[in-house]
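A short worksheet on the structure shown next.
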Amino acid sequence: MRTVRTGLLLLETFALIVFLLTAPLSAEQGSATRQQESEWPLHGRTQDEQRFSPLASIHRRNVPQLGLAWSLPTGTTRGLEATPIVVDGVMYVTTTWSRVIALDAATGAEHWRYDPKVPGWKARHGCCDVVNRGVAVSKGRVYLGTFDGRLVALSAKTGEPIWEVRTTPLDQPYTITGAPRVVKGLILIGNGGAEFGVRGYVSAYDAETGALVWRFYTVPASKDGPHEHPELEQAAETWSKDSVWASGLGGTVWDSMAWDPELDLLYVGVGNSSIYHRETRSPGGGDNLFLASILALRPDTGRLVWHYQTTPGEQFDYTATQHLILAELEIGGRSRKVLMQAPKNGFFYVLDRATGELLSAEKYVSVSWATHVDLATGRPVERPEASWDDKDTVVVPSIAGGHNWHPMSYSPRTGFVYVPAIENSYPYYYDPDFAFEAVKFNTAEDLDRLALAVEGYEELALAVCSPTRLLAWDPVAAKKVWEVRRTTALPAGVLATAGDLVFQGAEQGRLAAYDARTGVRLWASQPGVRIMAPPISYALDGEQYVAVVAGAGGSAGGHFIRIDDTNEGRILVWKLGGKQERPAARPRPPRSVGAPRIELSQDEVARGRGIYYEYCVACHGVGVKSSGLYPDLRTAAPEVHDQWTDIVLGGVRQAKGMASFADALSISDAEAVHAYVIQRALAEPNLAQRLVGWASEHACIPASWLAD
Ligand code: CA
């Protein structure tokens, strides 16, 4: 009797404890707490976008026991860049062509798939593959930006569309690849397309209805107005009246955002101009606001509170769209609310995010275009010899930047920011005869000479240079703590965890874990499909998982790397003691050269080369040497050559992403491109010759770029 009563008492006490633990929280609060601690509810996990998981079940000592729990094929063969979102045990992943997969985050069982049916021809409007970096999930809805410029709200439960709005005009070369953010009942979405000639902006929509609440244009439409909002008057003063207004001026907000609820400031990163050459786009100079800037906006109204321009008069595609991280740092004996960014220009910035005051800006990779950033003025001190205002130049970092879209991460435990960095150079050839033309690559570089200079080195440059790095940056000391030289040319996003681990995709499709304090590699998965997306971590029922989407492509995938496997995308999830075999990558079947062996006019080849570099290179690669992700035209089958003008002008392969170029090219233009492609297909690559003449001072500057 006594035993039974004691048992009941114990049960009652247990029930009371459970009640006390759970009762003060409503179902929603409980869910919110659980998400905060163990799931991955937002793009950067938290609004400060630190990409730090507080989970520590997987740590430095047991990480060697990490094994694959499950994986799911995405059914794609192109680039995957998404951050998976994990809310209430469900994982939401985006794939190519802005498709969404919802699945059980513990088992991988699929719930639903959604295809927004982006028209294939729209691929022509993208610089960097038909990628997508993820959805936002809030209050039972999934928000998606589509490649063709729509913002869509889906039911999180069923994947059924609830509302859809067009946020960019379909016929203009805008694209959306970035993830929307949810702030105070608003859905924020930007867009891309600067190189092709668009005007950048960020828009806020009502999460409930899809109604447009505000839009902030990053550049003015004209010198004298009328301007859509007062900030553009200030911006217009920094552009010459003869600016190439028809180009839209660029300044697209294609990736980074972060929100500080206490200061009530929304931070967005702004990209480069349509025309890289600054004397061409704004003759006579000017800072060209708000290109390459970080903006602090009021989320309710879209009004500007402060701005910081990383690269005034930007001329090297040095965007400031890179990942923004918010943190509290002890600087000069004072706790500061900071914002951190490692933009393409090679300087790591720490700003006071309440005021925009610059606290530090030091080189995190090699930098040749500026000597330093003057802390008093906040401006970089350019090297005049680096400019291409009136001559050719070679600069470091390259057009890919010291760091691109691949997210970095910050660990409050180590105090370090982990940056997926790139060490590389790029030549800019001045073209005094450039003229803007809609929907071509409008950078104002002399693409003919660029083609001749870069065709000699191709992917060898990256193989020799080993240009990618994982580095740990101390933002208080403003210096590098450690660096891992990666043996792959494909950069990849980063995750830091409270287990003092840093996870990143590595060579041959591996996922690797590094000691967050030393950079020592502690674990790597077996090889598979290449990873460039950022990993995440979450816990369900006490089990910690590490997840990533695998699939190469994007800006680097077009031509900077060589991919010999079929690149079949996968969602991969690991846990301690996981026993699944990772599916090995399948080799791409070899293809022979189907180009006809015909006499080519060298004049026609040269003309074709020029057209190719204006319209074709973004997908088909430098020197027609595509990575293999897009059709490698050098190994195109005989029927491709037979149907050449039907494909290029007739649009017969439009559904697959090869749009018609009939609006821009004549039959004789298409034939000239064909002649150039045939010449490239029949060219005998001479490896030994390509190795000769490498400049060694900067390991990644080929000698051919320095000639003349
Ligand atoms: Ca760009």
Side-chain angles (χ1 to χ4, degrees), residues 79 81 123-131 133 147 168 172-178 190-202 218-219 244 247-256 268-278 280-282 288-295 309-324 341-346 369 388 395-406 422 424-428 434 436 438-445 447 450 491 532 553-560 613-615 617-619 622:
E81 299 186 349
R124 182 179 156 190
H125 288 169
C127 67
C128 309
D129 201 355
V130 288
V131 293
R133 284 182 292 279
F147 192 77
T168 61
Q172 289 181 36
Y174 283 101
T175 51
I176 296 179
T177 57
N191 46 61
E195 277 79 3
F196 296 95
V198 298
R199 183 180 178 209
Y201 53 86
V202 56
T218 60
V219 285
V244 185
S247 73
L249 307 181
T252 49
V253 179
W254 55 262
D255 196 54
S256 61
V268 303
V270 183
N272 58 282
S273 186
S274 293
I275 297 168
Y276 294 168
H277 190 260
R278 57 188 176 189
T280 304
R281 79 166 176 259
S282 177
N288 297 169
L289 289 171
F290 295 98
L291 297 183
S293 299
I294 298 163
L295 309 178
Q309 190 175 38
T310 59
T311 317
E314 190 284 311
Q315 55 175 333
F316 305 117
D317 193 14
Y318 285 163
T319 62
T321 48
Q322 281 55 51
H323 185 182
L324 299 165
Q341 191 188 49
K344 280 168 104 179
N345 76 11
W369 68 278
W388 60 303
V395 289
V396 182
S398 79
I399 193 166
H403 167 222
N404 206 295
W405 65 267
H406 315 82
I422 308 167
N424 217 336
S425 61
Y426 187 80
Y428 287 88
F434 168 82
F436 174 80
V439 204
K440 71 169 190 186
F441 225 59
N442 277 300
T443 60
E445 299 165 272
L447 297 172
L450 177 69
M532 55 175 182
S555 52
H559 36 91
F560 294 143
Y613 276 84
E614 282 178 358
Y615 293 100
V617 68
C619 291
V622 169

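In this text the structure is predicted, and so the values were computed from the model without any measurement. Both ligands and their constituent atoms are indexed starting at 1 by order of listing.
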| Residue among Asn442, Thr443, Asn272 satisfying side chain to side chain donor-acceptor pair (under 3.5 Å) with Glu195 |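 Exactly one pass, corresponding to Asn272.
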| By ring pair (Phe, Tyr, Trp, His ring centres under 6.0 Å), which residues pair with Phe436, not counting sequence neighbours? |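 Scan of Phe436 (ring pair (Phe, Tyr, Trp, His ring centres under 6.0 Å), adjacent residues dropped) gives none.
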| Partners meeting ring pair (Phe, Tyr, Trp, His ring centres under 6.0 Å) with Tyr318 (sequence neighbours left out) | Phe316, Trp369
| By atom name, which N, O or S atom of Glu195 is the nearest to the Ca ion (ligand 1)? | OE2
| said: Quick check: of its N, O or S atoms, which one does Asp317 have closest to the Ca ion (ligand 1)? | reply: OD1
| query | Are Phe441 and Phe196 close enough that their ring centers fall under 6.0 Å? | reply | yes
| said: If I take every N, O or S atom of Thr319, is at least one of them less than 3.0 Å from the Ca ion (ligand 1)? | reply: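 Under 3.0 Å: Thr319 has no N, O or S contact with the Ca ion (ligand 1).
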